[in-house]
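Structure record follows, encoded as structure tokens.
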Number of protein chains: 2
Amino acid sequence: MARTTGSDGEKTEATIREAAVNLIARFGYEAMSMRQLAAEVGVQAAALYRYFPTKEELLFTLMREHMEGLTDAWEAARPASADPVRRLAAYVENHIAFHIERRHATHVSNMELRSLSPERLTQILRLRTAYEKELRAILRDGSDAGVFNIDDTGLTAMALIQMMTGVIVWFRPGERLSIAEVTATYLSMTMRLVGAGTAGETTHDSARALGRARDAAAL
Amino acid sequence: MARTTGSDGEKTEATIREAAVNLIARFGYEAMSMRQLAAEVGVQAAALYRYFPTKEELLFTLMREHMEGLTDAWEAARPASADPVRRLAAYVENHIAFHIERRHATHVSNMELRSLSPERLTQILRLRTAYEKELRAILRDGSDAGVFNIDDTGLTAMALIQMMTGVIVWFRPGERLSIAEVTATYLSMTMRLVGAGTAGETTHDSARALGRARDAAAL
DNA sequence: GAATTAATTGAACGTTCGTTTTATTATTGT
DNA sequence: ACAATAATAAAACGAACGTTCAATTAATTC
């Protein structure tokens, strides 16, 4: 046999991407074989090489598009307001929503960096650093303006990102908590962590968000 | 050749453990070959099998001993006091100190769980869950006693653990911050996160810790 | 409907993997 | 010194790996 009836390059490539993200997230990049991936797609291993020249290039493509997606999502969600509290809230909400919705891809992008060649690793880390820089800027602005109370901006940014991204480790959709509830609670924890609770407005905002979350969960 | 002059089983096993932790942390379990490990130890691959029956058993041993070490460290550090603030402070300090000192082993225990067989995975997760349960109990006690202000105990515990363990991702000994400074800052962030800042005692304690840290860093 | 292009198969290549077996040498106990 | 044992080397095993190549068929173009 050769070309199969109904075969379509675009569809096959999309299927490969999807299957690869799931398999790598579950078994790891090194543990996933090209034959295993091909079987999941419903194709012979050789067919994969029509779409991705090497296994590592496939991994890199998945990672790069995930990171670009994260940056794009933040640029779309970034508020026009200069208020650090509003900006931080938007950052947290966008970060958690994006990562929960793409748990598998996030797992891949975070855990398989060591399988990239040095040049490709640099590219991915550049994207990641640029994204984290946004958070540091928000924290610095808020700290300078006196609305945040932060010991160390860089350290706090790392702590917040680790805390938020950690959601994907334990969160399972449809279990005890809804996405909105998780987001509201993380927002509240974030605001307390950066010392933004004293003004009153923040507490008000996060309480409102929690209220909305509980309402949404009750539907 | 066969047995080499000066060869000693105990020393060889210790060398294997140490080299394995470093190699797995750097390249990943699947990517590290038994030949690569043997070369690092200065021995032939077959010699490894005198100490560990399979590659997976080696991984499991490293993980189990790391988790048992964490539990033991906490039992030694756990304060007699029933005060939730003191207990939480001890938990944070022990957790961060332990993880920073064993960055590579922590990396292995956190990232290579999927390479374990189901039974061995269950064993490791049991140890981990027992350790995390301690934190949840502290948060619950503090919440019940009214000294903490927490939305969701389970969620807060996961957030704190992710935040603290995340230190190993970016911390490099001898760089900008000392271990004591990092610990002090994380302690302060933790107390604010759980809403323990209002009483005054906590602020006082973390300020003292920060002072000690700054002093230590100045040496 | 013939020519061209797109998509895939099946088989094979050389390499590396975890592991086993057997032989050989150093050390220890008597 | 001599037996017993501990520690390693050297070579080999079959299996699986990523990847390539030639052949083959479906879809598209003219």
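Computed over heavy atoms, backbone and side chain alike; hydrogens, waters and symmetry mates excluded. Chain identifiers are assigned alphabetically (A, B, ...) following the order of the sequence lines, protein sequences preceding nucleic acid strands; residue numbering begins at 1 within each chain.
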In a table with atom names and distances, give each donor-acceptor pair under 3.5 Å that connects a side chain of residues 36-44 of chain A to protein atoms at least two apart or in another chain.
{"from": "A:Gln36", "atom 1": "OE1", "to": "A:Ser33", "atom 2": "N", "distance (Å)": "3.4"}

| query | With A:Asn110, which residues qualify under side-chain contact (heavy atoms from CB on, under 4.5 Å), at least two apart? | reply | A:Thr106, A:Arg128, A:Thr165
| To the nearest angstrom, how far is B:Ile16 atom CD1 from D:dA7 atom P? | 11 Å
| request: Tell me, please, which residues at least two apart from A:His99 pass ring-ring contact (aromatic ring centres under 6.0 Å, His included). | output: A:His95
| field | For A:Glu68, all residues meeting side-chain contact (heavy atoms from CB on, under 4.5 Å), sequence neighbours excluded | value | A:Arg64, A:Leu127
| Atom NZ of B:Lys11 to atom P of D:dT8: distance rounded to whole Å? | 11 Å
| field | For B:Thr183, side-chain contact (heavy atoms from CB on, under 4.5 Å) partners two or more places apart | value | B:Glu93, B:Ile96, B:Ile179
| Duplex segments of DNA chain C, taken as runs of at least three Watson-Crick or G-U pairs that stay under 3.5 Å | C:1-30 with D:1-30
| query | Under 6.0 Å between the ring centres of B:Tyr91 and B:Trp74? | reply | yes
| message | Checking B:Arg50 now: which residues fulfil side-chain hydrogen bond (donor to acceptor under 3.5 Å, both in side chains) with it, not counting sequence neighbours? | response | none
| Hey, does the side chain of A:Gln44 come within less than 4.0 Å of C:dG10's phosphate (OP1/OP2), counting only N and O? | yes
| message | Less than 4.0 angstrom between a side-chain N/O of A:Thr12 and OP1 or OP2 of C:dT8, yes or no? | response | yes
| query | Which residues, if any, of residues 25-43 of chain A bring a heavy atom under 4.0 Å of DNA chain C? | reply | A:Arg35, A:Val43
| remark: Sorted by chain and residue number, the side-chain contact (heavy atoms from CB on, under 4.5 Å) partners of A:Tyr51 (sequence neighbours excluded) come out as A:Thr12, A:Glu13, A:Ile16
| query | In residues 46-55 of chain A, which residues come under 4.0 Å of DNA chain C by heavy atom? | reply | A:Ala46, A:Ala47, A:Arg50, A:Tyr51
Taking distance alone, no hydrogens or angles, what donor-acceptor pairs closer than 3.5 Å link side-chain atoms of residues 112-121 of chain B to residues at least two apart or in another chain?
{"from": "B:Glu112", "atom 1": "OE2", "to": "A:Arg114", "atom 2": "NH2", "distance (Å)": "2.7"}
{"from": "B:Glu112", "atom 1": "OE2", "to": "B:Tyr29", "atom 2": "N", "distance (Å)": "3.2"}
{"from": "B:Arg114", "atom 1": "NH1", "to": "A:Ala25", "atom 2": "O", "distance (Å)": "3.3"}
{"from": "B:Arg114", "atom 1": "NH2", "to": "A:Glu112", "atom 2": "OE2", "distance (Å)": "2.7"}
{"from": "B:Ser117", "atom 1": "OG", "to": "B:Glu56", "atom 2": "OE2", "distance (Å)": "3.4"}
{"from": "B:Ser117", "atom 1": "OG", "to": "B:Glu119", "atom 2": "OE1", "distance (Å)": "3.2"}
{"from": "B:Arg120", "atom 1": "NH1", "to": "B:Glu56", "atom 2": "OE2", "distance (Å)": "3.1"}
{"from": "B:Arg120", "atom 1": "NH2", "to": "B:Glu57", "atom 2": "OE1", "distance (Å)": "2.6"}

| B:Asn22: side-chain hydrogen bond (donor to acceptor under 3.5 Å, both in side chains) partners, not counting sequence neighbours | none
